Amino acid sequence: MNKDEYNKLVKRLTPKENKTKNAIIAFLTGGFIGAFAEILSMVIMSCFAISKVEAYQWTCLIVIFMACLFTCFNFFDNLVTKAKAGLILPTTGFAHSVMSSALDYKRDGLITGVGANFFKLAGSVILYGIVSGFFFALLGVMIYG
Amino acid sequence: MASFQFSNVYIKDSFTIAGPLESEGQIHKFDLTMDDYYYHEKTFLSAEIKMQKVVVDNLLYRNKLNQKIDLLIGGDLSNQLTITNFAMKDFSIPFLGVYNACATFAESLAIASTFIEAGFIKNAIVITSSHNLNAERQFRFPIEYGAPRAKTTTFTATGAVGALLTNVPSSIKIESATIGKIEDYDQKDATHMGAVMTPAAVSVLMDHLKDLKRTVDDYDVILTGDLGEIGTEIFKEFLKINYNIKIKNHIDAGCEIFLKSQEVYSGSSGPVTLPLVLFNKILKNKKYKKILLIATGSLHSKDTTNQKKTIPSIAHAISLEVLT
């Protein structure tokens with residue numbers, strides 16, 4: 001059996017991911033997070049009589065805090081594994097990635113451990129977020145002046 | 001030819017520690033089980049070091065050896081073999097550290113058996129361990145990170161296993177060993193280690209049978225470790241297509257530790273998987289008299305995976321005879 005034939009054998013016997021099922025789960029959980037945040041921001045707006053922009057900022061902070069707290073409580077990783085993109089794409093995914101890295105390296109020192117590894121997973125999001133932000137801003141200026 | 005037959009190497013005793021999830025799985029006969037992954041230490045690294053120390057301490061105490069061991073051979077999954085090196089520093093015993101990923105235990109058995117057979121030493125302890133959370137951190141993601149996992153992923157077992165080998169006859173004889181070659185079939189997926197390691201398992205099995213002029217039916221059981229469920233299917237299909245061998249007496253250690261309900265995807269992996277199943281299931285079952293172990297190891301690191309290199313694998317075969 002040569003390498004190509006072996007590759008075909010492996011492909012034949014490897015179960016495929018159910019992409020439709022994953023997409024539906026991600027849609028529902030991601031949608032749940034969105035709906036929850038929307039309701040939360042409405043509650044904040046009416047309770048504290050603040051503007052929509054300010055309420056959204058507070059909501060974002062609360063969602064991030066909850067994702068970090070639940071990561072520390074040791075059950076959020078199981079939820080992320082099940083919900084997949086539904087919890088990874090919203091800001092909860094970012095919060096979860098930095099918090100899990102921080103927890104993992106807490107015994108390795110503040111500089112060489114937590115500091116050096118805090119953005120281990122989220123670093124790519126920040127870097128390419130800034131890069132794409134720059135280009136989209138450039139595009140926006142070119143189109144709309 | 002890399003097969004050797006031994007006439008006076010025996011396994012006198014063994015000691016196994018299993019992690020919290022492992023002890024709730026299919027096997028309940030471990031010597032010691034851990035309540036939590038920290039094992040009363042501050043870090044998982046220290047926990048695994050302690051696990052290895054406890055295993056060696058127990059083997060020495062149970063056999064009244066008082067450090068009178070000629071050689072210690074062992075290894076684990078960690079970079080620079082940190083865990084085994086740190087665990088063994090408290091024992092004043094000559095030490096060899098070895099690494100073949102999940103084939104480390106078979107590699108240690110082969111080396112120790114050769115020393116004993118040659119008459120250079122009278123006894124030796126071989127040891128290996130793995131800790132799910134140490135492996136996750138080194139090979140995959142931070143521990144608390146909930147990454148989505150492919151169905152082919154295997155779950156690194158937590159545990160430590162040691163065996164005491166001597167030249168004094170006892171009920172388990174190490175009969176032969178075949179040293180495997182590194183095989184690379186262009187597999188790049190580190191989450192599909194069954195596919196990576198199957199060619200090495202097949203290669204060493206065929207070498208073993210050819211060198212010693214045997215067939216698969218000469219053994220009561222062929223125990224591979226740790227191809228996992230999907231890897232087992234590939235292994236069987238590979239043997240059928242290439243060598244027209246229909247293997248009936250095969251058990252994969254990766255499928256024998258956890259229950260389906262424990263959500264470990266394709267099964268268990270890690271260097272302790274094979275010895276945990278061997279000492280707590282196979283050798284406790286009286287119907288298996290002739291046993292062939294094929295321990296398989298995937299020789300990748302996080303860097304080679306990131307740099308999209310193909311993953312080499314290795315396997316070694318050890319045959320055991322149960323005498324009584």
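Fair warning: this is a prediction, and the values are worked out from it, not measured in the lab. Below, chains carry the letters A, B, ... as their sequence lines are ordered, and counting in each starts from 1.
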Relative to each other, are the rings of B/Tyr185 and A/Tyr6 parallel, tilted or perpendicular (30° and 60° limits)?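 Geometry flag for A/Tyr6 against B/Tyr185: perpendicular rings.
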Grab the two heavy atoms, one from A/Val10 and one from B/Gln187, that are nearest each other, plus how far apart they are.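 That would be CG1-OE1, 4.0 Å.
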Please identify, among B/Val202, B/Ile241, B/Ile234, the residue contributing the most non-hydrogen atom pairs under 4.5 Å to chain A.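 Looking at each of B/Val202, B/Ile241, B/Ile234 in turn, B/Ile234 comes out on top.
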Measure distances from A/Leu79 to the heavy atoms of chain B and classify the residue's part below 4.5 Å as side chain, backbone, both or neither.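 Neither the backbone nor the side chain of A/Leu79 comes within 4.5 Å of chain B.
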Would you mind checking which part of A/Leu13 comes under 4.5 Å of any heavy atom in chain B, side chain (CB onward), backbone (N, CA, C, O), both or neither?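 For A/Leu13, heavy atoms of backbone and side chain both lie under 4.5 Å from chain B.
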Do the side chains of [Y] and [X] get nearer than 4.5 Å, heavy atoms only?
X        : Y        : value
B/Arg149 : A/Lys84  : no
A/Ser101 : B/Tyr145 : no
B/Phe141 : A/Leu121 : yes

If I measure from the heavy atoms of chain A, does [X] come under 4.5 Å with its side chain, its backbone, both, or neither?
X        : result
B/Ile143 : both
B/Ile230 : side chain
B/Ser266 : neither
B/Phe44  : neither

Stepwise side chain to side chain contact (heavy atoms under 4.5 Å, CB included) check, A/Asp104 with B/Glu144: CA-CA 7 Å; A/Asp104 206 8; B/Glu144 285 299 327; over 6 Å; no
Given the ring of A/Tyr105, does B/Arg137 sit roughly above its face, with NZ or CZ under 6.0 Å from the centre of the six-membered ring and within 45° of the axis?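 Judged by the rule (NZ or CZ under 6.0 Å from the ring centre, within 45° of its axis), B/Arg137 counts as positioned above A/Tyr105.
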Say whether, by atom type as modelled, one donor and one acceptor occur between the side chain of B/Lys151 and the main chain of A/Lys16 under 3.5 angstrom.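 Yes; at least one donor-acceptor contact below 3.5 Å.
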Using a 3.5 Å distance criterion without hydrogens, assess whether the side chain of B/Asn242 forms a donor-acceptor pair with backbone atoms of A/Met1.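 A pair under 3.5 Å: yes.
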